[in-house]
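Single-structure report; data block below.
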Amino acid sequence: LTNIGNDKGLPDNYIYAITKDVNEKVWIGTDNGIAIYKSDDFSKPVKLLSQASGMPDNIARTIFQDKKNAMWVGFQDNGACYIDLSNYKVTVPEVFKKWKYGQVNDLIAYNNDVWIATEERGLVNCNIKNINQTKCYESVNNDDLNSVEKLCYDNEGNIWLASNLGLIRTHGNWLSFLRKIDGTTITNVHSILCDNLNHIWFTPDMQLVEYNPNADSANSYAKYYVTPKDKHINIVTMREDKYGYIWLGTLGSGILRFDPVTHKKQHITGNADIDNASVLAIEIVNDTLWVATYGGVMRCALDADYNMRD
């Protein structure tokens, strides 16, 4: 386990996002800009980006790589921009130059559309070629859609939202949402993931839920309690590795690894820095785990046999 902080060139120890690019460089979004590291050399960043580089804000809350290999960044106050991987040139599309929708929690860029999860204004859809096509979804079936925490997209082109109202799906012109599982109302979904089987994983308060869109309605959902019910520990980030394990980041209880095949969980322990950490983001590069916390980044080299299901 290696800690990466100010001593290794990180511009701030308060971390929101970690994302690898197509070149397997690791982008780290902080309270004071972005640091980019080689995945095999974390002694110092290869590039630092901030408002001095042309970004509209220094507080980088989310980072997303689109299919054109541009890196999109969502900010605390000033919308979003994208960055060319070949030369790190920053571009702020016109639609974001007068941003009025507040904090960006997550975003997905596809073709000319950018879907943005906001803290107080629900879901915003921007067209970077036409600023007059911006849509703001602030309600679903007369219920206020305030905070959207995370976004993901599935193999069929649907955008999925983790929100205060529960799990929501959109294909562009409509929103549909799940409010109950087995008669229990679902609210306050903190994180969401589409795995390699096109199953949707999401985390309502203190739970992990798997949705299989190909199963019959009676068997399409499975609930797992991977944290103690009496501890009120929420799962706020997820990442799937190449073996199909789901890595879970919690607030106050570090990292768990969940096996969708055996349904077994493993709490990653043995180091004081990570045992009870609040984990805001996880990225996996080769067999190395990059973990964002309130106190910097932790880089964890995984053993060669960590994939064994025993």
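The first residue of the sequence shown is numbered 1, and numbering continues consecutively from there. When reading the values below, keep in mind they use all heavy atoms of this one structure, side chains included, and skip hydrogens, waters and symmetry mates.
- Within 6.0 Å of OH in Y82 there are 12 or fewer heavy atoms belonging to other residues, nucleotides or ligands.
- Side-chain atoms of E240 come within 3.5 Å of backbone N or O of N196 as a donor-acceptor pair.
- By the neighbour-count criterion of 12 heavy atoms within 6.0 Å, atom NZ of K20 is densely surrounded, having more than that number from other residues, nucleotides or ligands.
- Residues L248 and W201 fail the side-chain proximity criterion, which asks for heavy atoms closer than 4.5 Å.
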Please report the C-alpha distance between E149 and S147 in whole Å, then the side-chain angles of each, then the deciding distance to 0.1 Å, and finally whether the side-chain hydrogen bond (donor to acceptor under 3.5 Å, both in side chains) criterion is met.
-> CA-CA 6 Å; E149 296 292 336; S147 178; 2.9 Å; yes

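- No donor-acceptor pair closer than 3.5 Å links the side chain of N32 to the backbone N or O of D12.
- Other members of the cluster containing Y37 are I4, L10, I15, I18, V26, I28, F42, V285, W290, V297, with ILVMFWY side chains joined at under 4.5 Å, either directly or via other members.
- In terms of modelled atom types and a separation under 3.5 Å, the side chain of N87 and the main chain of K89 share a donor-acceptor contact.
- When atom types are taken as modelled, the side chain of N78 and the backbone of P56 share a donor-acceptor pair closer than 3.5 angstrom.
- Residues L175 and S139 approach most closely at CD1-O, 4.3 Å, considering heavy atoms.
- For the pair R239 and I282, the tightest heavy-atom approach, listed with the atom from each and the gap, is NE-O, 2.9 Å.
- The two residues Q76 and D57 come nearest to each other via the heavy atoms N-OD2, 3.6 Å.
- Looking only at distances, no side-chain donor or acceptor of D259 sits under 3.5 Å from a matching main-chain atom of K264.
- Looking only at atom types and distance, the side chain of S86 has a donor-acceptor partner in the side chain of D84 under 3.5 Å away.
- Without hydrogens or angle criteria, N198 side chain to N155 main chain gives a donor-acceptor distance under 3.5 Å.
- The six-membered or imidazole ring of F258 lies away from that of Y245, with a centre-to-centre distance of 6.0 Å or more.
- Within the model, atoms OG1 of T62 and CG of D106 stand 4.0 Å from one another, a figure rounded to the nearest 0.5 Å.
- Across G79 and V104, no two heavy atoms sit closer than the pair O-CG2, 3.6 Å.
- Proximity of a side-chain donor or acceptor of D41 to a complementary backbone N or O of S43 within less than 3.5 Å is detected.
- In this structure, E120 places its CD atom where only 12 or fewer heavy-atom neighbours from other residues, nucleotides or ligands lie under 6.0 Å away.
- Other residues, nucleotides and ligands place more than 12 heavy atoms under 6.0 Å from the NZ atom of K223.
- No side-chain donor-acceptor contact under 3.5 Å links T30 to the backbone of P11.
- Among pairs with a residue in residues 204-213, those fulfilling side-chain hydrogen bond (donor to acceptor under 3.5 Å, both in side chains) read H190-D205, H199-E210, H199-N212, E210-Y224, at least two apart in sequence or across chains.
- Here the closest non-hydrogen pair linking T293 and A277 is CG2-CB, 4.4 Å.
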What do the steps show when you test D21 against N69 for side-chain hydrogen bond (donor to acceptor under 3.5 Å, both in side chains), and what is the final call? CA-CA 8 Å; D21 67 23; N69 293 333; over 6 Å; no

